[in-house]
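Some notes on the structure that comes next.
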2 protein chains.
Amino acid sequence: MRASDRAYAALRDDIIEWRLLPGTVLAEVEQSERLGVSRTPLREALSRLTAEGLTTAAGGRGVVVTDISLEDIDELFELRETLECKAAALAAERGDAALFLQIQKELLEAPDLISGADPARHDYYVLVGRLDEAIDAAISNSYLAQAMRSLRVHLVRVRRLAADDAARLTAAAAEHAAIAEAIAARNPRLAEAATTVHLHRSLSHVKATHTPH
Amino acid sequence: MRASDRAYAALRDDIIEWRLLPGTVLAEVEQSERLGVSRTPLREALSRLTAEGLTTAAGGRGVVVTDISLEDIDELFELRETLECKAAALAAERGDAALFLQIQKELLEAPDLISGADPARHDYYVLVGRLDEAIDAAISNSYLAQAMRSLRVHLVRVRRLAADDAARLTAAAAEHAAIAEAIAARNPRLAEAATTVHLHRSLSHVKATHTPH
DNA sequence: ACTTCCTTCAGTGTATACAAAAATACCGAT
DNA sequence: ATCGGTATTTTTGTATACACTGAAGGAAGT
């Protein structure tokens with residue numbers, strides 16, 4: 001693995017997991033020493049992060065970790081609704097029904113995963129990730145898929161702000177199952193509606209449990 | 001201006017204007033000598049281009065100029081319709097009516113610009129660009145605006161494939177005027193519809209006059 | 001003649017040295 | 001005391017040298 005990839009992955013993780021807080025200046029020498037790589041690959045990592053919007057170039061003063069305000073969350077979900085509703089509708093038109101039926105079945109059993117031993121709910125998030133990937137593949141539109149992927153980076157960051165209690169996760173699993181069901185039923189409008197419902201519930205939950213730092 | 005910015009702008013222009021054709025491998029030493037910069041800023045430029053999707057990293061063997069197939073154009077317009085329709089609707093809700101009324105007025109006079117002396121129709125494209133910027137500002141959603149900006153790069157590239165005859169440009173100006181009018185009238189659904197119509201006409205024209213290279 | 005291995009070379013990935021720009025701190029003047 | 005200017009210092013921007021990887025071409029053996 002390239003040094004620039006390691007630096008990118010490490011910084012990205014630190015930002016997403018809120019170990020590097022918004023406003024933190026990422027000085028090149030400092031970070032390159034911390035991560036054990038030279039300045040050259042580190043700069044490439046910072047370039048990629050800036051292109052994704054996780055950091056912002058602060059002219060002459062290095063790059064700083066981008067902030068996410070409450071307005072940002074609203075904007076983020078506005079775009080997310082636009083993209084994911086369209087994606088769900090397209091998936092319903094073009095997707096493989098059997099695959100989504102299978103994912104729906106697993107999602108209906110998700111409460112077992114959530115109440116399980118793992119406090120990080122790793123298996124649950126993997127399952128949700130599989131739904132995302134299935135939709136990405138079904139739409140067969142690389143530009144749309146790319147736009148959604150770049151959004152998800154920011155969304156994972158926001159998710160870390162909310163208290164992911166078991167009750168909310170169980171409800172979210174049911175909402176995801178409804179989306180998968182609608183896609184499997186090849187009903188674009190229903191898939192779109194189910195996505196809208198899910199995203200609004202998610203947004204409400206995030207805003208309700210949002211703990212200002 | 002930084003050397004990396006110059007290299008980025010030069011390469012981007014060369015790709016958009018089809019002076020660098022799809023499949024061309026951009027070797028670092030070769031391009032750095034051609035553009036008169038060192039390899040370091042050139043690599044940063046290539047990173048940015050790759051992040052935008054204008055080039056693709058071909059593992060270990062430099063980066064190559066990305067191809068745009070007919071399917072890509074369909075996908076591009078599918079995403080474009082999704083984003084710009086939403087943007088038009090939001091602009092109708094949140095925008096400054098007077099500004100869009102002014103732009104509409106100028107667009108109705110656009111035939112004068114199109115039939116003018118400039119074969120590049122510079123003034124016309126500036127005017128259309130002002131409508132885009134006005135919508136970007138009106139939606140007050142930086143994530144959506146960013147997504148549209150990254151799309152426009154690819155769209156300019158596609159536009160160069162089509163024969164921009166005076167007839168089509170005149171019609172397009174009228175369609176743009178209709179969008180501006182709907183936004184000024186604060187009618188989201190009409191703005192969305194006008195955008196849909198415009199994009200479908202654009203796509204038809206591109207596909208009709210597309211000259212395979 | 002074909003295949004396989006080795007050599008060589010082109011090209012990227014990384015490190016570091018140097019230059020330029022910007023920010024800060026300090027000093028002087030008003 | 002505050003404002004302005006200058007000098008210093010820190011940090012980024014650029015160039016270049018070196019290392020490593022992957023590929024292509026040639027030579028030798030079958």
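What's counted below: heavy atoms across the whole structure, side chains too, no hydrogens, waters or symmetry copies. Computed from a prediction, not measured in an experiment: that's the story for all the values here.
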Under 3.5 Å, which donor-acceptor pairs do the side chains of residues 57-66 of chain A form with other protein atoms, sequence neighbours left out?
residue	atom	partner	partner atom	Å
A:Thr66	OG1	A:Gly53	O	3.1
A:Thr66	OG1	A:Leu54	O	3.0
A:Thr66	OG1	A:Thr55	N	3.3
A:Thr66	OG1	A:Thr56	OG1	2.9

Please list all pairs passing the ring pair (Phe, Tyr, Trp, His ring centres under 6.0 Å) test where one or both residues lie in residues 55-88 of chain A, with sequence neighbours left out. none
Measure OH/A:Tyr8 against P/C:dG13 and give the value in whole Å, please. 17 Å
How many Å lie between CD on B:Glu33 and P on C:dT12, as a whole number? 12 Å
For B:Ser115, enumerate each residue passing the side chain to side chain donor-acceptor pair (under 3.5 Å) test, keeping only those at least two apart in sequence or located in another chain. none
What residues, two or more places apart in sequence or in another chain, satisfy side chain to side chain donor-acceptor pair (under 3.5 Å) together with B:Asp72? B:Ser69
Could you run down nucleotides 14-24 of chain C 5' to 3' and tag each one B, S or - for protein heavy-atom contact under 4.0 Å? BBBB-----SS
Can you tell me which residue pairs pass the salt bridge (Lys or Arg N to Asp or Glu O under 4.0 Å) test with a partner in residues 17-27 of chain B, sequence neighbours excluded? B:Asp14-B:Arg19, B:Glu17-B:Arg160
Can you check the B:Glu28 CD to D:dA17 C1' distance for me, whole Å? 15 Å
